[in-house]
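A short worksheet on the structure shown next.
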Amino acid sequence: MGIIKAKDVSYQYIRRDEEDNIEDVNVALDKINIEVEKGQFICILGHNGSGKSTFAKHINALLTPSEGTLWVDGLDTSEEDKVMSIRQKAGMVFQNPDNQIIASIVEEDVGFGPENMGVPTDEIWERVIRSLKAVDMWEYRDHSPNKLSGGQKQRVAIAGVMAMEPECIVADEPTAMLDPLGRQEVIEALHQLNREKHVTVILITHYMEEVVDADKVYVMHNGKVSLQGTPREIFSQVERLKELSLDVPQVTLLAHELKQAGLDIQDGILTRQELIDSLPR
Amino acid sequence: MFRELTIGQYYPGDSIIHRLDPRVKLMGALLFIVSVFLASNIFSILVVTAFLIAIIVLCKVPLSFMLKGLRSIVLLLVIAGIFNLFLTPGTVLFQLGFLHITDVGIKNCIFMIIRMTYLIVGTSVMTLTTTPNALTAGLEKSLGFLKKIRIPVHEIAMMMSIALRFIPILVEETDKIMKAQMARGADFESGGVFKRAKSMVPILVPLFVSAFRRANDLALAMEARCYNGGDGRTKMKPLKYNQSDKNAYALEIGFVALTIIANILYNRYVSGLFANMLGV
């Protein structure tokens, strides 16, 4: 079994009126089946309201499935006494960099997770030093988070999760509020952790460019997984993605248009170099 | 408009006082307040003054920075001084219409002003040399005994430190909302107090909405990082006393004792002398 396995996971947001009668049921997840192997870099794509953030919260046991089961490293998230060890295994980075930093000094924020887990003081420091260095934020250790840029704040948040030594990091649109430079920083930091520390990364996003280097991509639409495969397989289906109101990277789109216009180009071009190479001379 | 707002007023430095354990400084401030109120004559006031000068020199914070805190209470000092001066009964020294100045009045007035000034300066040494975080940690630890009577000390300390973290963020947000509304013709500057207070309402509503949203996000983020209340938590920076902290405690207690001794000495020997001199 993979590190994360979702079997027929469904989740409904139920709105009730004052007398507890059901007013409205909103199916956010509809029989999701996803399996993630250890050490993979996974992307979950989807436009707003596709259920991707709801799924992310399930991995961290912040939400539990209405139906179906989700296992994190073999632990069932609906069993309440396992919640703490699940959160330890699957760390989570959120969208808004300001709203997830708890302490007013960078190093203290990174130490927050280990403190909660009851790690001894000396080891907390070791972990804090290691994680801050891993995201390249060591020199900012005694700064106030308020003075950092968005990308730096998100890297601190990633370090805060790393200090808990999780098996896997779930990043729920970590770049949605950042400028292009900050986005690059954060994505690079996640890739580096995946490569060097072999942490499983699940990146939830709606930026196509961030998906290109993933091992596997899931595309969600209206609470269902509507496409899955390698980035190349996914981006070969330009028309289908458009139906799901998703863009493709510009290069891929250009290649697609050229092919439609009659040029002999393969499907699923992901980088500029690939496009240049496949252009007939 | 809120840019200059600084809460906790920490003055970064590396003096002996800066390095003391926050609990020592909290206790020091408390004992200092007690001493200031115990000091009722020239001897004990001198003891307190000497102690105050000593810590001001030791903490290496510029005096001008420290006296800034006094500026806001000058008016209060003047009013309290005047009341004490004119309205205290005793032997009348001067008479000016219905106002009269008595010997006790002069004495009360001077002591009052000295006490208030010392209180502000003395306690500001504590806040100037201790980061808000250290102060919260110190409070949490020294009030730990209150847990036995079910007061959630850890939770209160956590709330305090989160509040401190979010003050600058909310200040910035207020600024943004005000600018956005000014761009659409809102007027915060003209009109009387009531009109201005009324024009704040459209700022407060979006500010509250966003504060609640932030609180919700933060709660999720804390839960996701295994926060589960104060039980079973370890500390990244645990408070530990070292030798200089112990010495400081001894000095603080010695200081209070000295103030009391000065009082006793004055009452036994000097006050009698004065009474003889004045022929009372």
Side-chain angles (χ1 to χ4, degrees), chain A residues 53 56-57 59-63 83-105 107-129 142 144-147 153 157 160-164 166 169-170 172, chain B residues 2-3 5-8 10 12 14 130-137 140 154-155 157-173 175-176 210-240:
Chain A
S53 284
K57 290 196 179 110
I59 302 175
N60 200 266
L62 290 170
L63 296 175
V83 166
M84 280 302 147
S85 34
I86 288 169
R87 289 189 180 149
Q88 218 161 303
K89 283 177 195 296
M92 186 139 174
V93 179
F94 294 84
Q95 182 176 19
N96 189 324
D98 277 323
N99 297 355
Q100 56 181 319
I101 294 181
I102 290 118
S104 33
I105 299 175
E107 60 184 14
E108 283 180 14
D109 187 70
V110 178
F112 181 76
E115 277 184 334
N116 291 335
M117 286 155 50
V119 175
T121 303
D122 296 337
E123 206 192 319
I124 295 182
W125 277 101
E126 279 169 30
R127 288 181 179 203
V128 168
I129 293 168
D142 52 1
S144 153
N146 295 324
K147 304 248 162 70
K153 280 183 212 169
V161 170
M162 281 301 293
M164 294 166 71
I169 294 184
V170 186
D172 184 6
Chain B
F2 298 105
R3 289 288 155 152
L5 185 90
T6 44
I7 297 252
Y10 173 67
D14 192 32
T130 321
T131 60
N133 273 351
L135 214 54
T136 326
E140 182 183 351
H154 165 79
E155 281 73 9
M158 183 56 98
M159 283 195 276
M160 267 174 70
S161 58
I162 289 174
L164 285 171
R165 148 114 178 86
F166 274 86
I167 284 171
I169 294 177
L170 290 178
V171 166
E172 203 174 300
E173 190 139 291
D175 226 37
K176 247 188 237 166
S210 109
F212 278 114
R213 192 165 299 148
R214 281 179 194 283
N216 193 29
D217 278 7
L218 189 75
L220 270 187
M222 288 171 74
E223 259 190 77
R225 281 160 78 182
C226 292
Y227 182 69
N228 204 7
D231 299 331
R233 263 188 120 224
T234 45
K235 288 271 176 197
M236 180 182 180
K237 297 175 175 170
L239 294 174
K240 237 186 250 153

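In the text below, chain A, chain B and the rest are named by the order of the sequence lines, each starting its count at 1.
If you take CG on A:Asp109 and CZ on B:Arg225, they are separated by 4.5 Å, rounding to the nearest 0.5 Å. In this structure, the separation between NZ on B:Lys237 and CD1 on A:Ile124 is 11.0 Å, given to the nearest 0.5 Å. Rounded to the nearest 0.5 angstrom, A:Glu107 CD and A:Phe112 CZ are separated by 15.5 Å. Note: A:Asn116 CG to A:Ile102 CD1 = 8.0 Å, rounded to the nearest 0.5 Å.
Between chain A and the residues B:Leu220, B:Ile162, B:Asn216, B:Ile169, the most heavy-atom pairs under 4.5 angstrom are made by B:Leu220. When each of A:Glu115, A:Met164, A:Lys57, A:Gln88 is scored by its heavy-atom pairs under 4.5 Å with chain B, the top score falls to A:Glu115. Among B:Ala224, B:Ala219, B:Ala215, B:Ala221, the residue making the largest number of heavy-atom pairs under 4.5 Å with chain A is B:Ala224. Listed options A:Met117, A:Met92, A:Gln100, A:Glu123 were ranked by heavy-atom pairs under 4.5 angstrom with chain B; first place goes to A:Gln100. The greatest number of non-hydrogen atom pairs below 4.5 Å with chain B, out of A:Val170, A:Ile101, A:Val119, is found for A:Ile101.
Salt bridge absent: B:Arg165 and A:Glu108 never bring a charged side-chain N and a carboxylate O closer than 4.0 Å.
Inter-residue side-chain proximity for B:Met222 and B:Leu218 is flagged as met; some heavy-atom pair is nearer than 4.5 Å.
Only the side chain of A:Asn60 comes within contact range of chain B, judged by heavy atoms closer than 4.5 Å. For A:Pro166, no part lies near chain B; criterion is any non-hydrogen pair under 4.5 Å. With a 4.5 Å cut-off on non-hydrogen atoms, A:Ala157 does not touch chain B at all. For A:Phe94, the part lying near chain B is the side chain, with the backbone staying farther off; criterion is any non-hydrogen pair under 4.5 Å.
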**Request:** Could you give me the CA-CA distance, side-chain angles and deciding distance for A:Asp172 and A:Gln95, then say whether side-chain contact (heavy atoms from CB on, under 4.5 Å) is met?
**Result:** CA-CA 6 Å; A:Asp172 184 6; A:Gln95 182 176 19; 5.7 Å; no
